[in-house]
There are 2 protein chains.
Amino acid sequence: MDTTEPTRLTGLPSWLLTQTAAHAGRLVSEGLAGVEARGYHYRVLATLDEYGPASQADLGRRSGIHLSDLVAAINELAARGYVQRSPDPDDRRRNVVTVTDAGRRQLAALDEQLAAVQQRLLTPLDGEERAQLAALLTKLLAYHRLSS
Amino acid sequence: MDTTEPTRLTGLPSWLLTQTAAHAGRLVSEGLAGVEARGYHYRVLATLDEYGPASQADLGRRSGIHLSDLVAAINELAARGYVQRSPDPDDRRRNVVTVTDAGRRQLAALDEQLAAVQQRLLTPLDGEERAQLAALLTKLLAYHRLSS
DNA sequence: GGTCGATCGTTGGTGCGCCTAACGTTAGGT
DNA sequence: ACCTAACGTTAGGCGCACCAACGATCGACC
């Protein structure tokens, strides 16, 4: 059936994962580069849009982005006017990060780009296979998320 | 069923892939760090063991490692005595890279480490699911490999 | 037989994602 | 009031994938 017999290397699940992820990452980067963005930007905007304004710490936890990287990402987004960082009156340690209207428009553009990327990524898989893949990965992710 | 409803972010196949790959990579790094190695080292040794001695260019093509990165990887492996780099008498542009006995022993050790990693990685999946995952990823990889 | 394009190995540098360590500021429990 | 914890920020490192350029060599073609 398989034209490519799995060797010890190419049969390794961890290898399959990282390789396909590399391809996915490449496609995502290409798609996002067209709108002058990268992965972190989308993750921040999407998370913000999903949960509403939040402190950077909350944002980091929800998006899975490291606090230290978040600073730069928010700087960049703020510089482009997609996001606003203002001090939290109730807690002077915190900043409240809010999406602007421009940010929401940008998010829509990114969503579109990414949807196209998913199509290109999953081309060889039919609907059922895509669902299977998503389910399996989600299961793996959920498991490893607990034991962190 | 799902305790975590997929949001727009966490439902994105590309996100699922890169996140699980990140976890996998972390586990692999940990496992390999115990034997003072990293991903490239294993890939080189495994490829060499699989196909026999080869030029760096061939090695790169087979292992999917960039030529420029291969130089460093081979340097490190050679410094540890796991691999030998000698000029090809038939083509003076080339180096022939060969695994040493020590390299084969190291490969065995890495194989062992990685086998354990796969177990940890795939813990939440049963046999059938593991096969499904491998099949799906292989399919994706095969497709994208052609259009490179 | 010389010329030209392709290949090989090497160097140096880029980008992204993930991570650690440290530090000053502020909140909050006790 | 003190001490711990959380927050934001800066600086830096690692691993993997990639690009651009270069000298050396090979091969094909005229």
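Every chain is numbered from 1 and lettered A, B, ... according to where its sequence line falls, protein lines coming before strand lines.
- Side chains of A:L133 and B:L140 form a contact here, defined as non-hydrogen atoms less than 4.5 Å apart.
- Inspection of the B:R130 and B:Q118 side chains reveals no N or O donor paired with an N or O acceptor under 3.5 Å.
- Cluster annotation: B:V96 and B:L77 are assigned to distinct hydrophobic clusters (Ile/Leu/Val/Met/Phe/Trp/Tyr, side-chain heavy-atom contacts under 4.5 Å, transitive).
- Map B:S55 and A:R92 each onto its nearest nucleotide of DNA chain C; the residue landing nearer the 5' end is B:S55.
- Look at CG on B:D91: it is 11 Å from C1' on C:dG9, rounded to the nearest Å.
- For D:dA17, neither phosphate oxygen OP1 nor OP2 lies less than 4.0 angstrom from any side-chain nitrogen or oxygen of B:R38.
- In this structure a side-chain-to-backbone donor-acceptor pair under 3.5 Å is present from B:R43 to B:S63.
- What separates CG of B:D90 from C1' of D:dA24 is a distance of 17 Å, to the nearest Å.
- Rounded to whole angstrom, the span from the CZ atom of B:R85 across to the C1' atom of C:dG9 amounts to 8 Å.
- Summarising the geometry, the separation between CG on A:D69 and C1' on C:dT20 is reported as 11 Å, rounded to the nearest angstrom.
- Backbone-only contact: B:G39 has heavy atoms under 4.0 Å from sugar-phosphate atoms and none from a base.
- Following rounding to the nearest Å, A:H41 (NE2) and C:dG15 (C1') show an atom-to-atom distance of 13 Å.
- For B:D111 and B:Y42, the side-chain atoms include at least one donor-acceptor pair closer than 3.5 Å.
- Side-chain nitrogen and oxygen atoms of B:Q56 include at least one within less than 4.0 Å of the OP1 or OP2 phosphate oxygen of C:dT10.
- Going from atom CG of B:L141 over to atom P of D:dA17 covers 11 Å, rounded to whole Å.
- The base of C:dT7 sits with one of its N or O atoms less than 3.5 Å from a complementary donor or acceptor on the side chain of B:R93.
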> Under the salt bridge (Lys or Arg N to Asp or Glu O under 4.0 Å) criterion, do B:R62 and B:E50 qualify, and how do the steps go?
Replying inline: CA-CA 10 Å; B:R62 297 204 262 248; B:E50 189 79 29; over 6 Å; no
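- Phosphate proximity of C:dC18 to B:Q19: present, with a side-chain N or O under 4.0 Å from OP1 or OP2.
- Spacing between atom CD1 of A:I74 and atom P of D:dT9 amounts to 7 Å, rounded to whole angstrom units.
- Both A:L141 and B:L125 belong to a single network of hydrophobic side chains, linked directly or stepwise wherever heavy atoms of I, L, V, M, F, W or Y lie under 4.5 Å apart.
- Between A:A57 and A:T18, it is A:A57 whose nearest contact on DNA chain D lies nearer the 5' terminus.
- In this model, the phosphate group of C:dC16 is not approached by any side-chain N or O of A:R43 to a distance below 4.0 Å at OP1 or OP2.
- If you take CZ of B:R94 and C1' of C:dT7, they are 8 Å apart, rounded to a whole angstrom.
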Every protein N/O within reach of nucleotides 21-24 of chain C N/O, cut-off under 3.5 Å:
none

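- Using a 4.0 Å cut-off, some side-chain N or O of B:N95 falls inside it from OP1 or OP2 of C:dT10.
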